[in-house]
2 protein chains.
Amino acid sequence: MMSKVKNAMSTLVGGMLPHGHHHHHNHHPGGGHGCDGDSLPPRFPYGRPDFLDLTPELLQYSTEHAARPVITLKRGSRLSWRTGYAEVINAGKSMLNEDQASCEKLFVKKPNGKHRNSTVLEDNGDGTGIPLHFWGIFDGHAGSGAAIMASKLLHRLIADRLGEICHLLENPTSAPPICLAKNGSPFQAEAKKGAAQEPDDPEAISDSTVRFHMEKVVSLESLVMGVLETAFKQMDDLIEKEKASYAISGGCCALAAIHLMGKLYVANAGDSRAIIVRNNEVIPMTNEFTPESERQRLQYLGFLRPELLGNEFTHIEFPRRIQHSELGKKMLYRDHTMTGWAYKTIVEDDLKFPLIYGEGKKARVMATIGVTRGLGDHDLKVYNSNIYIKPFLSCVPEVKVYNMDENKHGPDDVLVMGTDGLWDVTTDREVADAVSAYLSCCDPSDPMRYTLAAQDLLMRSRGVPKERGWRLPNDRLGSGDDITVFVIPLAGHESET
Amino acid sequence: MMSKVKNAMSTLVGGMLPHGHHHHHNHHPGGGHGCDGDSLPPRFPYGRPDFLDLTPELLQYSTEHAARPVITLKRGSRLSWRTGYAEVINAGKSMLNEDQASCEKLFVKKPNGKHRNSTVLEDNGDGTGIPLHFWGIFDGHAGSGAAIMASKLLHRLIADRLGEICHLLENPTSAPPICLAKNGSPFQAEAKKGAAQEPDDPEAISDSTVRFHMEKVVSLESLVMGVLETAFKQMDDLIEKEKASYAISGGCCALAAIHLMGKLYVANAGDSRAIIVRNNEVIPMTNEFTPESERQRLQYLGFLRPELLGNEFTHIEFPRRIQHSELGKKMLYRDHTMTGWAYKTIVEDDLKFPLIYGEGKKARVMATIGVTRGLGDHDLKVYNSNIYIKPFLSCVPEVKVYNMDENKHGPDDVLVMGTDGLWDVTTDREVADAVSAYLSCCDPSDPMRYTLAAQDLLMRSRGVPKERGWRLPNDRLGSGDDITVFVIPLAGHESET
């Protein structure tokens with residue numbers, strides 16, 4: 001993520017590099033993470049995704065900001081579904097690549113009984129259980145600790161939570177029971193027991209009878225969505241908890257896709273993006289969560305809980321900062337209820353800094369952070385203040401579902417997942433055209449075709465080094481951010497053994 | 001609105017009928033409005049829209065619940081753009097028709113200088129100013145007071161607020177200034193004046209310079225959207241204020257469309273609906289605001305301000321009521337962050353009644369109200385309690401814009417606005433097909449064609465009286481609710497003199 005947290009004071013922990021190496025600090029006031037973690041060990045050492053299997057030399061080489069080498073899956077390595085992968089480090093905004101990624105095949109099993117989830121590429125389990133495929137990309141900011149931890153653990157939390165409803169997943173034809181006993185079997189309370197029954201009030205009886213018999217039918221699909229939502233929350237809580245014992249720096253956007261029982265679930269918290277490209281048609285699978293897209297939610301919180309603004313910020317948005325000489329004049333504004341703009345007379349309180357300020361990629365929450373969902377960031381504060389950002393951030397993803405079984409997929413139909421570095425300079429349409437064109441020229445039996453397509457996409461956003469920065473063929477500026485791309489063939493699960 | 005407020009205790013005020021006539025009370029616990037207003041005079045007497053010009057006999061006839069006569073615009077009357085109109089009373093849930101409507105042509109003028117907004121059909125002004133067309137439908141509940149008041153005043157508030165930015169509307173090519181002096185002219189603060197300038201801190205200077213020069217460009221269109229949003233708020237505040245002196249019963253959903261300078265703005269607060277039918281294609285112009293569609297907003301408020309739930313309700317949603325015997329078991333739930341469902345262990349607090357409960361048309365906020373946006377309802381409380389509903393309701397509309405000038409319209413292209421009675425039994429597609437079919441068989445020069453089309457739509461939702469209620473031709477149940485329909489020809493403004 002490119003300068004998402006301004007002038008971050010976080011430390012690089014657990015890496016091969018010493019603490020606190022951010023290449024440049026910009027001049028804006030910015031957020032900082034507390035430094036309590038400096039003396040603690042890292043939760044996981046810095047590295048690149050296990051499936052890349054980098055040697056120490058290659059790991060070092062991957063951090064060359066001048067060359068920005070594109071790192072891809074090795075020929076001979078294989079991810080599930082022949083998934084393609086490519087990544088590149090930023091142009092210098094942080095010493096290390098703050099993006100992380102994971103790709104796992106697991107099996108969903110009942111929690112009692114030993115279950116060993118498999119790790120990369122291999123199925124280490126006994127092959128029983130419901131197959132679960134997982135892809136995740138984690139775009140860190142202000143340090144790589146949270147992104148690394150999430151890339152190591154999020155899929156396990158998801159598999160565990162799915163394990164708890166395993167017996168329901170095994171009966172996909174019947175709707176999940178509303179209530180479960182402790183052993184997980186459906187619990188049926190005796191009819192009317194516990195309902196108010198005053199003999200002198202016949203209405204109360206008929207009312208409660210009706211009420212107890214009204215039940216919403218909940219689908220298995222929305223149960224899996226609930227698993228993803230609560231697993232992200234659990235991951236975020238775990239980061240907070242383990243910060244007591246480990247140094248876990250920064251925060252991260254998290255984008256996860258799982259394939260379970262014929263459906264693809266895409267869960268997004270942050271500004272990464274996933275699209276399905278089918279027959280060269282784009283199907284968006286995510287919305288981005290930014291200060292602009294979540295403005296009203298954040299303003300509403302600031303309005304209801306003004307103490308979170310620490311007397312420094314106003315929840316009202318203005319098109320620019322107000323000067324003292326403008327007191328009593330009228331200025332355009334909008335509050336948490338508005339989409340349009342209106343004029344208001346400027347009062348003393350309006351001179352405070354706006355909670356949401358700036359436009360597009362420069363929009364910030366409390367002048368500090370440019371994304372509004374993700375994991376970590378528990379000790380992120382407004383620069384030089386005691387105002388915490390975390391209450392304004394959400395760790396809960398938006399989940400979209402794509403029914404694989406309802407669609408036929410050719411070898412060129414793919415799910416593309418990328419961090420914002422990819423999408424900042426290349427549109428959905430351009431990505432779809434590029435990946436379709438690339439794959440159509442590529443031998444369908446080449447096991448590297450999706451990795452080569454991922455590399456091609458990445459190059460289109462990174463560009464090549466010229467005198468004035470990284471440039472695209474049309475001489476526009478390329479992305480100087482970390483970039484991570486998965487290209488996942490949707491026909492891949494059919495070819496899976 | 002059909003039983004949107006359960007068992008409402010409100011009084012019918014200012015009508016030709018005595019107080020408190022609701023035909024039946026159902027057995028669910030429900031909300032009631034305070035009765036403080038009983039001794040106060042009505043703000044406006046009960047009646048039907050002025051443009052119908054009903055005689056006292058016809059007004060009485062319009063309330064016949066057994067016949068449910070369809071009331072339309074008279075032949076010879078004319079609304080702007082040849083707008084068609086039809087209405088019918090409910091099947092007996094309230095003595096009077098709680099829907100109201102208005103259709104006005106006004107002129108936007110500067111506030112200083114005498115401005116007289118025109119009333120129905122005629123342009124009483126001097127013909128100067130920017131022409132403004134207004135259509136509004138107001139679906140009342142628990143009394144007709146708020147709906148009547150809004151139908152009389154909302155368009156005037158909108159015209160007045162537009163008047164305040166009249167000089168900006170007259171210069172549509174330049175973006176509105178961020179800041180205005182008291183006289184309304186753009187105010188330009190001196191550069192850097194008022195910015196922090198500590199000579200020993202060069203960063204502070206460059207920072208504040210940059211910051212003050214960053215300005216969002218706000219469009220004239222979003223200024224008009226802001227006018228609609230703030231005018232609804234002002235209308236709601238006015239109802240609250242005038243309740244001190246007048247009896248203004250109940251609340252209402254409000255759907256307003258305005259045409260200004262080549263654009264159609266549709267503002268919706270509630271569960272009425274507007275669609276454009278163009279070339280028999282449907283373009284939705286509204287979203288409905290109901291306990292289901294606004295669940296997360298309401299739960300978030302209940303979560304942040306639990307005192308608003310009065311220790312009687314829980315912000316967590318369950319698929320049904322929980323019985324006491326289910327304590328300690330696991331039940332499906334979702335909170336304000338979730339779209340999917342998950343299991344939680346039931347604790348004592350979960351036995352409270354859910355803030356949002358029921359499905360579809362039966363969904364309610366605190367067992368009381370079935371819509372979540374609108375005007376009025378300031379003293380609506382949960383039945384038999386001191387818990388106010390109003391904090392959970394929003395009076396701010398969602399505004400959508402349709403650029404009339406960018407599209408060519410034939411005589412059969414229309415905007416259809418209807419209260420929920422219309423849409424409960426007839427889908428968007430069916431409405432579009434019916435109106436297209438009807439108009440294509442109708443003499444394009446007949447001034448009554450849009451009113452006849454509105455009447456045709458209304459009949460399709462009302463049906464005809466049979467042994468077991470009002471029935472549609474396919475024998476499905478018709479709507480027993482009040483129904484109000486505008487059919488507005490989009491080519492109408494071209495034919496306007």
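Taking the centre and axis of the six-membered ring of B:F187, the NZ or CZ atom of A:K329 falls inside the cone set by 45° and 6.0 Å. Taking the centre and axis of the six-membered ring of A:F289, the NZ or CZ atom of A:R373 falls inside the cone set by 45° and 6.0 Å.
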For side-chain hydrogen bond (donor to acceptor under 3.5 Å, both in side chains), just list the numbers for A:R334 and A:Q299, CA-CA rounded to whole Å, side-chain angles, deciding distance to a tenth of an Å, and then say yes or no. CA-CA 10 Å; A:R334 49 182 180 177; A:Q299 287 183 306; over 6 Å; no

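Note on B:L301, B:V217, B:D335, B:L351: by heavy-atom pairs under 4.5 Å with chain A, the leading option is B:L301. Ranked by heavy-atom pairs under 4.5 Å with chain A, the first of B:L332, B:L223, B:T337, B:I178 is B:I178. Ranked by non-hydrogen atom pairs under 4.5 Å with chain B, the options A:E398, A:E359, A:M225 are led by A:E359.
Neither the backbone nor the side chain of A:Q296 comes within less than 4.5 Å of any heavy atom of chain B. Only the side chain of A:L168 comes within contact range of chain B, judged by heavy atoms closer than 4.5 Å. Contacts between A:F318 and chain B at a heavy-atom distance below 4.5 Å are absent for every atom of the residue. Neither the backbone nor the side chain of A:L228 comes within contact range of chain B; no heavy atoms are under 4.5 Å apart. For A:P397, no part sits under 4.5 Å from any heavy atom of chain B, backbone or side chain. Heavy-atom distances place both the backbone and the side chain of A:T339 under 4.5 Å from chain B.
Ring planes of A:H315 and A:H336: tilted class, angle from 30 to 60°.
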